[in-house]
Amino acid sequence: KGEKEMFKKLCCLAMLASALFADPYVTEGKVKKVTDGDTITFVDVDGTQFKCRIYGIDTPESLSSNKLEKDAANLGVDTKYIQEAGKAASAYAKNSLPLGATAIIQIYGSDKYDRNLCVVYVEGDEVSYNERVVRDGYAVVYKRGKSTKDKELRHKLNVAQGEAAKNRNGLWYSSSDLMTSLANN
């Protein structure tokens, strides 16, 4: 019961912040689909489905794409190596954001693929999924395109990435060369 009260308070605070500053937009949603470690589909309280690109982070690619080819060329490795790391990041996301889980979602606009840029707080968690996935070593701080304009979030993500690399958490243990390359691009 205490977790539900904390979640309600967080929701109210997030909505108040949204009303005061107009950015980000805040909503509540349930996890509908986890595409990969940094792309999640939610359904909001009105039943509207929307796709989120997790704001401020990047995970290795699990599916064939131009980005996968570019990352493989930059690192000088086979695409399958990156995809295996991407599958681990996707599995992490699926465990952290199980289907039907309720979340508070802060939306910071959209990316060039028309996905919402989101900070996600799963019910009962005080730390965002964005920060947790970086701290646990399955994502890096995003450097390309729209960088994280929220300075507080960017700072938290950079600290989390430093801890993950130092402690060799997650993919920093099994694929440190890949994570270093992603972190530097």
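In this chain, residues are counted from 1 in sequence order. Computed over heavy atoms, backbone and side chain alike; hydrogens, waters and symmetry mates excluded.
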Give the minimum heavy-atom separation between [X] and [Y], together with the two atoms involved.
| X | Y | result |
| --- | --- | --- |
| Thr48 | Phe50 | O-CD2, 3.7 Å |
| Ala93 | Tyr129 | CB-OH, 3.2 Å |
| Val122 | Ser96 | CG2-O, 3.9 Å |
| Ala103 | Phe42 | CB-CE2, 4.1 Å |
| Gln83 | Ser64 | NE2-N, 3.6 Å |
| Pro24 | Gln106 | CG-CB, 3.8 Å |

Less than 4.5 Å apart, any side-chain heavy atom of [X] and any of [Y]?
| X | Y | result |
| --- | --- | --- |
| Ile57 | Tyr138 | no |
| Lys166 | Trp172 | no |
| Tyr81 | Leu75 | yes |
| Pro60 | Asp71 | no |

Can we say Glu84 and Lys87 salt-bridge, meaning some charged N sits less than 4.0 Å from an Asp/Glu carboxylate O?
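Salt bridge: yes.
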Please determine if Arg53 and Asp58 form a salt bridge, counting it only when a charged side-chain N lies under 4.0 Å from a carboxylate O.
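Counted as a salt bridge, because a side-chain N and a carboxylate O are separated by less than 4.0 Å.
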When you measure from the side chain of Asp136 to the backbone N and O of Asn169, does any donor-acceptor pair fall under 3.5 Å?
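No, because the side chain of Asp136 does not come within donor-acceptor range (under 3.5 Å) of the backbone of Asn169.
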Flag, side chain of Ser181 to backbone of Asp177, donor-acceptor distance under 3.5 Å:
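It does not hold such a pair.
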So for atom CG, which belongs to Asp114, do other residues, nucleotides or ligands contribute more than 12 heavy atoms lying within a distance under 6.0 Å?
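Open: at most 12 neighbouring heavy atoms sit under 6.0 Å from CG of Asp114.
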Quick check on Asn66: does its CG atom have over 12 non-hydrogen neighbours (other residues, nucleotides or ligands) under 6.0 Å away?
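No, not enclosed.
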As a quick check of understanding, evaluate side chain to side chain contact (heavy atoms under 4.5 Å, CB included) for His155 and Lys151, giving each step before the final call.
CA-CA 6 Å; His155 175 72; Lys151 290 179 183 179; over 6 Å; no
State the [atom1]-[atom2] distance between [X] and [Y], to the nearest 0.5 angstrom.
| X | Y | atom1 | atom2 | answer |
| --- | --- | --- | --- | --- |
| Asp46 | Thr27 | CG | OG1 | 7.5 Å |
| Tyr121 | Glu131 | OH | CD | 7.5 Å |
| Asp150 | Tyr55 | CG | OH | 6.5 Å |
| Thr59 | Ile82 | OG1 | CD1 | 11.5 Å |
| Lys51 | Asp111 | NZ | CG | 10.0 Å |
| Leu99 | Thr41 | CG | OG1 | 10.5 Å |

Just do the side chain to side chain contact (heavy atoms under 4.5 Å, CB included) check on Val77 and Leu178 with the steps written out, would you?
CA-CA 9 Å; Val77 298; Leu178 172 61; 5.8 Å; no
Leu63 vs Leu68, side chain to side chain contact (heavy atoms under 4.5 Å, CB included): CA-CA, chis, key distance, verdict
CA-CA 8 Å; Leu63 304 172; Leu68 172 66; over 6 Å; no
Would Ile54 end up clustered with Val43 when hydrophobic side chains under 4.5 Å apart are linked, directly or stepwise?
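Shared cluster, no.
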Looking at Leu97, Val133, Val31, which hits side chain to side chain contact (heavy atoms under 4.5 Å, CB included) with Val120?
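So, applying the side chain to side chain contact (heavy atoms under 4.5 Å, CB included) to Val120 and each of Leu97, Val133, Val31, only Leu97 qualifies.
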